[in-house]
Amino acid sequence: MSGDHQVAEHHHAHIHEHGEPEHHNANAGQGAVLLDIGGDIGALILTMSDAQLEGSEIEIRPVPRLSIEPLRHVGVVSRPTPSGRVHSAVFDGLDEGRYELYVRPDGPVQLEVEVRGGEVSFAEWPS
């Protein structure tokens, strides 16, 4: 490819305290995000006005929580937008339903959101 650069995604994994591998993407926040949605599966884009949350891990859990479900979490990253950089956390592949969000590992619940299947839901982290 003449003059174009391809960026290879770099992933590494380590074992979490609950025994499951955790994968990290060294290029997170550097470009477009591909979302897995459709049918009863949706996504959530969570924006933060507080840059101090950059690098924090936000965990999401369904309400009510079934104890057998593994919990998901994503990092807060600064993403480029046409109007400047925005701090956000993006969750995809979520079953339709209600969720609680908090800062890992065990911060108090900061927000409850409703995710609809086949849609991207948006929420603002409380200041």
Approximate separation, where rounding is to 0.5 Å, of Gln110 CD and Ser127 OG: 10.5 Å
Do Val103 and Val77 land in one hydrophobic cluster if side-chain heavy atoms of ILVMFWY residues count as linked below 4.5 Å? no
What's the verdict on side chain to side chain contact (heavy atoms under 4.5 Å, CB included) for Phe91 and Val115, showing C-alpha distance, side-chain angles and the deciding distance? CA-CA 10 Å; Phe91 294 89; Val115 173; over 6 Å; no
Looking at Val63, is its backbone amide N or carbonyl O close enough to the side chain of Arg98 to form a donor-acceptor pair, meaning the two atoms are under 3.5 Å apart? no
Treat each ILVMFWY residue as a node, draw an edge where side-chain heavy atoms are under 4.5 Å apart, and state whether Val113 and Leu53 are in one component. yes
Shortest non-hydrogen separation from Ser88 to Met48 and the atoms involved: CA-SD, 4.0 Å
Side chains of Tyr102 and Glu59: is there a donor and an acceptor less than 3.5 Å apart? yes
Approximate separation, where rounding is to 0.5 Å, of Leu111 CG and Leu44 CG: 8.0 Å
Quick one, Asp95 and Ile41 - any side-chain contact, counting heavy atoms below 4.5 Å? yes
What distance separates Leu35 CG from Leu94 CG, expressed to the nearest 0.5 Å? 10.0 Å
Does the side chain of Val76 reach to within under 4.5 Å of the side chain of Trp125, using non-hydrogen atoms? no
Would you list the atom pairs, donor with acceptor, under 3.5 Å between side chains in residues 117-124 and any protein atom, with sequence neighbours excluded?
residue : atom : partner : partner atom : Å
Ser121  : OG   : Glu114  : O            : 3.4
Glu124  : OE1  : Thr47   : OG1          : 2.7
Glu124  : OE2  : Ser49   : N            : 3.3

Any chance you could lay out the side chain to side chain contact (heavy atoms under 4.5 Å, CB included) test for Arg61 and Val109, step after step, and finish with the verdict? CA-CA 10 Å; Arg61 67 179 173 215; Val109 171; 3.3 Å; yes
In Å, rounded to the nearest 0.5 Å, how long is the span from CZ of Arg85 to CD of Glu54? 8.0 Å
Take atom CZ of Arg72 as the centre, draw a 6.0 Å sphere, and report whether it contains more than 12 heavy atoms from other residues, nucleotides or ligands. yes
Which pair of heavy atoms, one from His87 and one from Ala51, lies closest together, and at what distance? CE1-CB, 3.5 Å
Keeping the roles fixed (side chain from Asp92, backbone from Asp36), state whether a donor-acceptor pair exists under 3.5 Å. yes
Heavy-atom side-chain contact between Ile60 and Leu71 under 4.5 Å: no
